[in-house]
Amino acid sequence: MSIRLVALFSCLIALHGTALAATTYSLRAPQIPVQGGALQGFFIAEGQSLDVQRDQLDAQLMQMYLNTNSTYTIQIECAAKDDGISLGLYDGSTLTPWLAQLFPASAGPGWFAVASFRPSPARVVVNLFDANASLQGTTTFLGGNRQAIGFYAQGPNGVIYSQDSRNPGGAAQVLFFAGISVYSGAMWIAFEASARAAGADDDFDDAVLLLEQNIFVGPVQHTSWGSLKKRFR
C-alpha cells in the first residue's frame, strides 16, 4: 500500500468518523479449486504468503454494523484487471441487485475508488482516481446498503456476483483472502469474470481488488437464493 493511499485513507477516517474493528472470517468450505498459477504468482509478487487453494475466506457479503455515523466511507484499489471488465458494488439484500460501478472497463491497475454510503436519500457517492491519484470523476448511485455489500464483475459474458447463489448453477466466481504483513487487516478479492456456461477457466485472476485496511467488521449471514426470493414474494 503506497504512502499516498495510506494518507488519503487516514484523512477519510478523520472526516467521516468511520467506526472500525477487526473481524475473523471462517475458511470457505469446501475450498474452490483455482486453476493455473497466475493468482498464486500475483500474491507471491505482492509479498503475500497465501495459498490460493487453502486460504479462501467465507466472505460473500460484508457489512458495517458498528458504524453509527450517517456517512460510511470505504476505499478499494484495483490491483489487477483484464481489459474489458468493469467492477463495482451491489446490494446483496435485494432480489434484483442494485449495481454501483467502481472501476470502468478502461481502468487499470493502481486506480482506486473512494465510495461513501450516505442517507436521505440512500445513495453511494463514488470518487474515482487513476494510478497517479488524479480524480477521474464523481458519480452518485441512488440506493445501496452498507449492511449487505457485495462485489460484481461485468464483462462481455454478463455479470457475476460475489454471492455464489446469484451466479448460474450457484458457482463460486469471486474468492476472498485476508491480507497479511503490510496488508494486514485488508481483504483481497479475486474474480473469475466468465460464468461456467461462457467458458470460465477458473484461474480467478481476471481482476483482483484490495479493500484497504480495517474496513469491514463482520460477515453477514448467508442465505440460499430460494430463501431470498421468498422474502420478496
Beyond-backbone contact of Val114 with Phe129, side-chain heavy atoms, under 4.5 angstrom | yes
What distance do Leu142 atom CG and Arg123 atom CZ have between them, rounded to the nearest 0.5 Å?
-> 8.5 Å
Is it true that a side-chain atom of Gln173 and a backbone atom of Ser194 form a donor plus acceptor pair closer than 3.5 Å?
-> yes
Distance-minimising heavy-atom pair for Ala131 and Pro109 | CB-O, 4.0 Å
For Gln53 and Gln40, what are the C-alpha separation, side-chain angles and deciding distance, and is it a side-chain contact (heavy atoms from CB on, under 4.5 Å)?
-> CA-CA 9 Å; Gln53 309 291 354; Gln40 188 68 68; 5.7 Å; no
In plain terms, say whether Arg28 and Asp164 are close enough for a salt bridge, that is, a side-chain N and a carboxylate O under 4.0 Å apart.
-> yes
Would you confirm whether Asp206, through its side chain, and Glu192, through its main-chain N or O, come within 3.5 Å as a donor-acceptor pair?
-> no
ring-ring contact (aromatic ring centres under 6.0 Å, His included) pairs touching residues 73-100, sequence neighbours excluded, are Tyr90-Tyr161
Nearest atoms (heavy-atom pairs only) where Val34 meets Val52 | CG2-O, 3.8 Å
Can you hop from Leu27 to Phe176 via hydrophobic side chains spaced under 4.5 Å?
-> yes
Where the side chain of Gln31 meets the backbone of Asp55, is there a donor-acceptor pair that is under 3.5 Å apart?
-> yes
Stepwise side-chain contact (heavy atoms from CB on, under 4.5 Å) test for Trp111 and Glu77 = CA-CA 6 Å; Trp111 287 48; Glu77 181 176 356; over 6 Å; no
Is the closest side-chain heavy-atom distance between Leu61 and Ile149 below 4.5 Å?
-> no
Distance, nearest 0.5 Å, that separates CD of Gln60 from OG of Ser165 | 7.0 Å
Can you check whether Tyr152 reaches Val174 side chain to side chain, under 4.5 Å on heavy atoms?
-> no
Is it true that a side-chain atom of Thr71 and a backbone atom of Arg118 form a donor plus acceptor pair closer than 3.5 Å?
-> no
In Å, rounded to the nearest 0.5 Å, how long is the span from CZ of Phe141 to CG of Leu99?
-> 9.0 Å
Would you check, one step at a time, whether the test side-chain contact (heavy atoms from CB on, under 4.5 Å) holds for Gln101 with Val126?
-> CA-CA 8 Å; Gln101 181 177 273; Val126 176; over 6 Å; no
If we ignore angles and hydrogens, is there a donor and acceptor under 3.5 Å between the side chains of Gln136 and Asp130?
-> yes
CG/Leu87 to CD1/Ile189 distance, rounded to the nearest 0.5 angstrom?
-> 9.5 Å
Check whether the side chains of Tyr183 and Glu46 place a donor and an acceptor atom closer than 3.5 Å, and report yes or no.
-> yes
Can you tell me how far CD of Gln75 sits from CG of Asn127, rounded to the nearest 0.5 angstrom?
-> 10.5 Å
Determine whether the side chains of Thr73 and Ser116 contain a donor N or O and an acceptor N or O closer than 3.5 Å.
-> yes
Looking only at non-hydrogen atoms, find the nearest pair between Val124 and Gly144 and report the distance.
-> CG2-CA, 4.3 Å
Single hit among Phe177, Phe204, Phe151, Phe42 for ring-ring contact (aromatic ring centres under 6.0 Å, His included) with Trp188 | Phe42
Roughly how far apart are Leu57 CG and Ser26 OG, rounded to 0.5 Å?
-> 7.5 Å
Given the rule in the side-chain contact (heavy atoms from CB on, under 4.5 Å) test, do Ile85 and Phe191 qualify, once you have shown the distances and angles that lead to the verdict?
-> CA-CA 10 Å; Ile85 298 173; Phe191 295 80; over 6 Å; no
Does a side chain donor of either Asp91 or Ser93 reach within less than 3.5 Å of an acceptor in the other side chain?
-> yes
Heavy-atom pair with the smallest gap, counting every atom of Ala171 and Asn167 = O-ND2, 3.0 Å
Smallest heavy-atom separation, Phe103 atom then Cys78 atom, equals CZ-N, 3.7 Å
Verify same cluster id: Leu210, Val182 (apolar side-chain graph, 4.5 Å) | yes
Co-membership, hydrophobic cluster, residues Val125 and Phe112, 4.5 Å side-chain = no
Is there a side-chain contact between Asp202 and Pro33 (heavy atoms, below 4.5 Å)?
-> no
Please examine the side chains of Met187 and Leu209, heavy atoms only from C-beta on, and report whether any two atoms are closer than 4.5 Å.
-> no
Minimum side-chain heavy-atom gap Leu128-Leu102 below 4.5 Å | no
Measure from the side-chain N and O atoms of Lys81 to the backbone N and O of Ala105, and report whether any donor-acceptor pair falls under 3.5 Å.
-> yes
